[in-house]
Amino acid sequence: MNKTRADYFTKARRVISGGVNSPVRAWKSVGGNPVFVSHAKGSKIYDVSGKEYIDYVLSWGPMILGHAHREVIKAIINSAKNGTSFGAPTEVETRMARLISSALPSIELLRMTSSGTEAAMTAIRLARGVTGRNLIVKFDGCYHGHSDSLLTKAGSGLATFGIPDSPGVPEELARQTLSLPYNDINVLEKIINQYGSQIAAVIVEPVAGNMGVVPPRGGFLEKLRKLTSLKGIVLIFDEVITGFRFTFGGYQNLIGIRPDLTCLGKIIGGGMPVGAVGGKKEIMEKLAPTGDIYQAGTLSGNPLAMSAGIATLNVLKTKKDAFPDLDKKTDRLCTDLENLFAENGFAVCINRVHSMFTVFFQKGPVYDLNTAQKSDKKMFARFFHGMLKNGVWLAPSQYEAGFISFAHTEKDINKTIDACSKTLRNLRRAH
Ligand code: HOZ
């Protein structure tokens, strides 16, 4: 007899906490048993029963070239043949660092880690270490991984499950993090004027992707740069999602702002576990061994991750001028979806920044966590299941981003529109 999704999930739950290695994967907010994946290729992902889906999650962003890209796989295989971890310097790490800093001029020195969480955690420690201050400012709905200092009103899984702050983070530490509304220049100005001399860092997703996609309002990031410079506060751009997603570089390249530190991950690892923190030389050289701010990792700069990342970035470099095509594809998808929703009488607000998008089930506008939370999550869940049934793989949460890769074709977009049309017809009938 064929195994069902419930069978796989029950078995997993017996040995893995919650059955998953990252909470949103459990589908708690949309209901039902998660699909177990067998493999993926290009723009498609396949479940264990062989069913094909058009993938708009792309492993939550990294797979910008599509799954199992030939060059990336070749690089991983070749690298693996030479050994998979050495815990010693390698030449590929230098190549990776040079490639990244050539694309992001604000990165004079960098340090590789194994995840975005570690990169953000290190950035915070560096900022505290160099300024001698303790307070951290972040923004409601922005997610910077799960380190203790950054879990206050974080988006992503915490927003999905309605967890404001995580138990296990000492109150004394949580009190050192101020979380402000995203896109609110007045509040920002007030807080920085009041506490500026005690603030070590402001960390921000320049385009928020973890409360669903929320673009920065005109002037918000510019003001942030100005205020932080004035008060000697370290400005950290968390570009784990946005790095190399819109251009060969970060969102900072597009808006001409130089943060003091940048966190990267996802795309720069080509689907392997990776993160990086980089920025001003005078800050970065404070890390041990040149400085006394400690950070380390057995698998940091892992040769497989470096090889996959370099292959991905090299392919992206050749596609430098093709990023607008990615935008066009995403624009077409979002415009067609918008029209379909309107024709079927559903109020939605679609936020799109280049090749990232979120369909919020509400009229909108959505410009911060409060407005994002006005969405109809039940309707989102029904839409999610409808699309899945019709062969489209979306993130199982209203508060996540959708992504398009270079492997997505016009045919994929057309099929997605058809799937949406069928889904909405069914939803209307059931309404
Ligand atoms: N909430 C994470 C993305 N923003 C999920 C990562 C995962 O489950 O793989």
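Since this is a predicted model, take the numbers as computed values, not measurements.
When ring centroids are compared, Phe323 and Phe248 stay outside the 6.0 Å threshold. Taking the six-membered ring for Trp, Phe403 and Trp60 have ring centres at least 6.0 Å apart.
At a cut-off of 3.5 Å, with distance as the only test, a side-chain donor of Thr423 or Asn390 sits close to an acceptor on the other residue. One side chain, Gln252 or Ser106, offers a donor N or O that lies under 3.5 Å from an acceptor on the other. At a cut-off of 3.5 Å, with distance as the only test, no side-chain donor of Thr330 or Asp327 sits close to an acceptor on the other residue. Looking only at atom types and distance, the side chain of Asn253 has no donor-acceptor partner in the side chain of Thr247 under 3.5 Å away. Counting only N and O atoms by type, the side chains of Tyr399 and Thr358 include no donor and acceptor under 3.5 Å apart. Counted by atom type alone, Arg125 and Gln295 present zero donor-acceptor pairs between their side chains at under 3.5 Å. Remark: the Glu400 side chain and the Ser397 side chain contain no N/O donor-acceptor pair separated by less than 3.5 Å. Between the side chains of Thr409 and Asp412, at least one donor-acceptor pair of N or O atoms lies under 3.5 Å. At a cut-off of 3.5 Å, with distance as the only test, no side-chain donor of Arg14 or Thr10 sits close to an acceptor on the other residue. Glu205 and Asn210 share a donor-acceptor pair across their side chains, judged by distance under 3.5 Å alone. A side-chain donor-acceptor contact under 3.5 Å links Arg428 and Asn344. Donor-acceptor pairing under 3.5 Å is recorded for the side chains of Ser375 and Gln362.
In this structure, Lys223 does not pair ionically with Asp184, as no charged nitrogen and carboxylate oxygen lie closer than 4.0 Å. A salt bridge links Arg332 with Asp336: the closest approach of a Lys/Arg side-chain nitrogen to an acidic carboxylate oxygen falls below 4.0 angstrom. Residues Lys226 and Glu222 are not paired through a salt bridge, judged by the lack of any N-O separation under 4.0 Å between the basic side chain and the carboxylate. Checked for salt-bridge contact, Asp331 and Arg352 meet the test: a charged N lies under 4.0 Å from a carboxylate O.
Atom CG of residue Leu104 and atom OG1 of residue Thr262 lie 6.0 Å apart, to the nearest 0.5 angstrom. Rounded to the nearest 0.5 Å, atoms CD1 (Ile413) and CG (Asp418) are 12.0 Å apart. In this structure, the separation between CD1 on Ile54 and NZ on Lys411 is 9.5 Å, given to the nearest 0.5 Å. In this structure, Thr335 OG1 and Ile350 CD1 are separated by 8.0 Å, a value rounded to the nearest 0.5 Å. For the atom pair CG of Leu58 and OG of Ser43, the computed distance is 8.5 Å after rounding to the nearest 0.5 Å. Here the CG-CD distance, from Asn134 to Glu172, works out to 12.5 Å after rounding to the nearest 0.5 Å.
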Carefully, step by step, assess Lys138 and Asp238 under the rule salt bridge (Lys or Arg N to Asp or Glu O under 4.0 Å).
-> CA-CA 11 Å; Lys138 69 176 287 295; Asp238 182 338; over 6 Å; no
Test side chain to side chain contact (heavy atoms under 4.5 Å, CB included) on Leu424 and Leu427 and set out the steps.
-> CA-CA 5 Å; Leu424 293 186; Leu427 285 186; 4.2 Å; yes
Would you sort out whether Met356 and Phe246 count as a side chain to side chain contact (heavy atoms under 4.5 Å, CB included), showing the intermediate values?
-> CA-CA 9 Å; Met356 276 168 75; Phe246 310 138; 3.6 Å; yes
Side chain to side chain contact (heavy atoms under 4.5 Å, CB included) assessment of Val359 paired with Leu394 | CA-CA 10 Å; Val359 180; Leu394 300 172; over 6 Å; no
Apply side-chain hydrogen bond (donor to acceptor under 3.5 Å, both in side chains) to the pair Arg245 and Ser355, showing each step before the final yes or no.
-> CA-CA 7 Å; Arg245 169 128 300 271; Ser355 57; 2.8 Å; yes
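Counting only distance, with no hydrogens or angles, the side chain of Asn183 and the backbone of Asp368 share no donor-acceptor pair below 3.5 Å. With hydrogens and angles ignored, the 3.5 Å screen pairs no side-chain donor or acceptor of Asp140 with any backbone N or O of Leu369. For His354 (side chain) and Thr242 (main-chain N/O), no donor-acceptor pair under 3.5 Å exists by modelled atom type. Remark: the backbone N or O of Leu135 is not paired with any side-chain donor or acceptor of Arg128 at under 3.5 angstrom. Between the side chain of Arg225 and the main chain of Ile257, no donor-acceptor pair closer than 3.5 Å is present. In this structure a side-chain-to-backbone donor-acceptor pair under 3.5 Å is missing from Glu118 to Gly275. Checking side-chain atoms of Gln398 against main-chain N and O of Phe361 turns up a donor-acceptor pair under 3.5 Å. Put simply, the side chain of Asn351 gets close to the backbone of Val366: a donor and an acceptor are under 3.5 Å apart. With Thr177 contributing its side chain and Ser149 its backbone, the two residues share a donor-acceptor pair below 3.5 Å. A donor-acceptor contact shorter than 3.5 Å is absent between the side chain of His69 and the backbone of Gly66.
A pairwise comparison of heavy atoms in Ala276 and Ile268 identifies CB-CD1, 3.8 Å as the closest pair. Between Ala201 and Ile236, the shortest heavy-atom distance links the atoms CB-CD1, 3.7 Å. Between Ala26 and Pro34, the shortest heavy-atom distance links the atoms O-CD, 4.0 Å. Closest approach of Leu261 and Ala123 over heavy atoms only: CD1-O, 3.8 Å. Closest approach of Ala12 to Phe36, counting heavy atoms only: CB-CZ, 4.0 Å. Of all heavy-atom pairs between Phe360 and Gly212, the closest is CZ-CA, 3.7 Å.
Heavy atoms of other residues, nucleotides or ligands lying less than 6.0 angstrom from CD of Glu171 number 12 at most. The local environment of NE2 in His146 is sparse, with at most 12 non-hydrogen atoms from other residues, nucleotides or ligands closer than 6.0 Å. By the neighbour-count criterion of 12 heavy atoms within 6.0 Å, atom NZ of Lys51 is densely surrounded, having more than that number from other residues, nucleotides or ligands. Atom NZ of Lys44 sits in a crowded spot, with more than 12 heavy atoms from other residues, nucleotides or ligands closer than 6.0 Å. Within 6.0 Å of atom CZ in Arg70, 12 or fewer heavy atoms from other residues, nucleotides or ligands are found, so the atom counts as exposed in its surroundings.
Checked options Tyr8, Trp393, Tyr53; the residue passing with Asp47 is Tyr53 (criterion: side chain to side chain donor-acceptor pair (under 3.5 Å)).
Taking the side chain as every heavy atom from C-beta outward, Phe244 and Glu239 never approach each other to under 4.5 Å. A 4.5 Å side-chain heavy-atom check between Ile100 and Leu264 finds at least one atom pair inside the cut-off. In this structure, the side chains of Leu65 and Thr312 come closer than 4.5 Å at one or more pairs of heavy atoms.
A cation-pi arrangement is absent between Arg382 and Phe380, since the terminal nitrogen or guanidinium carbon is not both under 6.0 Å from the aromatic centre and inside a 45° cone about the axis. Taking the centre and axis of the six-membered ring of Tyr367, the NZ or CZ atom of Arg217 falls inside the cone set by 45° and 6.0 Å. Lys319 forms a cation-pi arrangement with Phe406, by the criterion of a distance under 6.0 Å to the ring centre and an angle within 45° of the ring axis.
Between Phe383 and Phe341, the ring-plane angle classifies as tilted under the 30° and 60° cut-offs.
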